[in-house]
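All remarks here apply to the structure that follows.
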Amino acid sequence: MSTRDEFANRVMNAASSGSVDQVERLVPQDRIGVRPGAQKLVDAARGWDPASWKVGLRQDVPEYVFVTVTQQGQTGPIRYEISWSGDRWGLILGTSKNRPSDGAEPGTPGTGTPKVIDPK
C-alpha cells in the first residue's frame, strides 16, 4: 500500500515514461473512457525530470486529493486527481461505470455550488 505522496509521484513517473498503458494501470477498474486523459497526462509530462519536479497536494475531502506538479523551466503545472477506494489510491480519469441511482450526477468533490439546507 502506498501513501498518497508516493502514489502522486508514481502517476508522474508513469506519465513521464511516455507510456499511456502505465498511466492507465493506475486508474481504478470502475472507470471508463480513460485513454484520452491518460494520453493528455503523458503529453503534458513529456520532458519532465523526476529528480526536479515538486508535487503539491490539496486534500479537501479525506479520500480525494487534488495534485499539482510543478517544475522549474516548464510553462505550467500538471494537475490531476487521485482518490482512495478499495484499500488503494487510484488516478481519477474518465467516468465511473457506477452511475448514482438517485439521479445525481458524478463530479469532483469541492467543486460546484454547495446546497444550503435550512435547519428549521
Side-chain angles (χ1 to χ4, degrees):
M1 176 171 43
S2 65
T3 67
R4 65 187 186 145
D5 301 65
E6 290 167 341
F7 186 77
N9 272 301
R10 243 175 94 194
V11 170
M12 278 302 294
N13 283 322
S16 67
S17 77
S19 171
V20 174
D21 291 335
Q22 279 187 37
V23 173
E24 286 182 319
R25 282 194 284 272
L26 300 175
V27 178
Q29 292 185 357
D30 72 340
R31 310 291 294 181
I32 56 174
V34 301
R35 185 155 286 264
Q39 183 64 59
K40 184 177 177 182
L41 194 55
V42 165
D43 291 344
R46 190 167 283 120
W48 284 53
D49 178 15
S52 63
W53 62 51
K54 293 170 92 174
V55 176
L57 305 173
R58 190 181 95 224
Q59 191 165 357
D60 294 339
V61 180
E63 311 80 22
Y64 205 93
V65 179
F66 297 91
V67 182
T68 302
V69 185
T70 58
Q71 183 172 346
Q72 186 100 19
Q74 295 295 339
T75 57
I78 294 176
R79 291 185 172 92
Y80 54 91
E81 290 123 38
I82 60 176
S83 178
W84 180 261
S85 179
D87 294 334
R88 62 179 287 241
W89 286 101
L91 173 63
I92 302 304
L93 295 175
T95 56
S96 176
K97 292 179 194 175
N98 307 317
R99 304 289 292 168
S101 60
D102 63 358
E105 289 296 318
T108 303
T111 63
T113 306
K115 183 177 181 179
V116 177
I117 300 173
D118 188 357
K120 293 179 187 176

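Just so you know, residue 1 is the first one in the sequence shown, and it goes up from there. Every heavy atom of this structure was used, including side-chain atoms; hydrogens, water molecules and symmetry mates were not. Everything numeric here is computed off the predicted structure, so don't read it as measured data.
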Inset, instruction - Using side-chain hydrogen bond (donor to acceptor under 3.5 Å, both in side chains) as the criterion, list what pairs up with Gln39, not counting sequence neighbours. - result: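 Once residues adjacent in sequence are excluded, the partners of Gln39 under the side-chain hydrogen bond (donor to acceptor under 3.5 Å, both in side chains) criterion are Asp43.
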Legend entry - Which residues share a side-chain hydrogen bond (donor to acceptor under 3.5 Å, both in side chains) with Asp21, sequence neighbours left out: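 For Asp21 the side-chain hydrogen bond (donor to acceptor under 3.5 Å, both in side chains) partners, ignoring immediate neighbours, are Arg35.
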Legend entry - Side-chain H-bond candidate by donor/acceptor type, Gln59 with Tyr64, under 3.5 Å: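 The criterion, which ignores hydrogens and geometry beyond distance, is not satisfied for Tyr64 and Gln59.
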Legend entry - Within one Ile-Leu-Val-Met-Phe-Trp-Tyr cluster: Ile32 and Leu93, side-chain cutoff 4.5 Å: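 Looking at the clustering, Leu93 is in a separate group from Ile32.
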Legend entry - Nearest non-hydrogen partners of Leu26 and Arg10, listed with the distance: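 Looks like CD2-NH2, 3.2 Å.
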Inset, instruction - Determine the minimum heavy-atom distance between Ile92 and Ser83, stating which atoms define it. - result: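 Scanning both residues completely, I find the closest heavy atoms to be CD1-CB, 3.5 Å.
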Legend entry - Distance in Å, Ser96 OG paired with Arg31 CZ, rounded so as to fall on 0.5 Å steps: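 Reported value, rounded in 0.5 Å steps: 5.5 Å.
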Inset, instruction - Kindly indicate whether the side chain of Arg58, heavy atoms from C-beta on, has any atom under 4.5 Å from the side chain of Thr68. - result: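 They are not in contact (no side-chain heavy atoms under 4.5 Å apart), so the answer is no.
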Inset, instruction - Please tell me if the side chains of Leu91 and Val23 come closer than 4.5 Å, counting only heavy atoms from C-beta onward. - result: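 The answer is yes, as the side chains (C-beta and beyond) meet within the 4.5 Å cut-off.
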Inset, instruction - For the pair Tyr80 (side chain) and Val69 (backbone), establish whether a donor and an acceptor sit closer than 3.5 Å, ignoring hydrogens and angles. - result: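 A pair under 3.5 Å: no.
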Legend entry - Donor-acceptor contact below 3.5 Å, side chain Gln22 vs main chain Ser19: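 No, because the side chain of Gln22 does not come within donor-acceptor range (under 3.5 Å) of the backbone of Ser19.
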Legend entry - Listed partners of Pro36 passing side chain to side chain contact (heavy atoms under 4.5 Å, CB included), at least two apart: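 Checked Pro36 against side chain to side chain contact (heavy atoms under 4.5 Å, CB included); zero matches.
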Inset, instruction - Just jot down the side chain to side chain contact (heavy atoms under 4.5 Å, CB included) partners of Ala45, sequence neighbours excluded, or say none. - result: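 If we apply the side chain to side chain contact (heavy atoms under 4.5 Å, CB included) test to Ala45, skipping adjacent residues, the hits are Met12, Ala15, Ser16, Ile78.
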Extract all donor-acceptor atom pairs below 3.5 Å that involve side chains of residues 48-57 and protein atoms in other chains or at least two apart in sequence.
from: Trp48; atom 1: NE1; to: Ala44; atom 2: O; distance (Å): 3.1
from: Trp48; atom 1: NE1; to: Gln74; atom 2: OE1; distance (Å): 3.3
from: Asp49; atom 1: OD1; to: Ala51; atom 2: N; distance (Å): 3.2
from: Ser52; atom 1: OG; to: Asp49; atom 2: O; distance (Å): 3.4
from: Ser52; atom 1: OG; to: Gln71; atom 2: NE2; distance (Å): 2.9
from: Trp53; atom 1: NE1; to: Asn9; atom 2: OD1; distance (Å): 3.0

Inset, instruction - May I have the step-by-step check of side-chain contact (heavy atoms from CB on, under 4.5 Å) for Trp89 and Val11, ending in yes or no? - result: CA-CA 10 Å; Trp89 286 101; Val11 170; over 6 Å; no
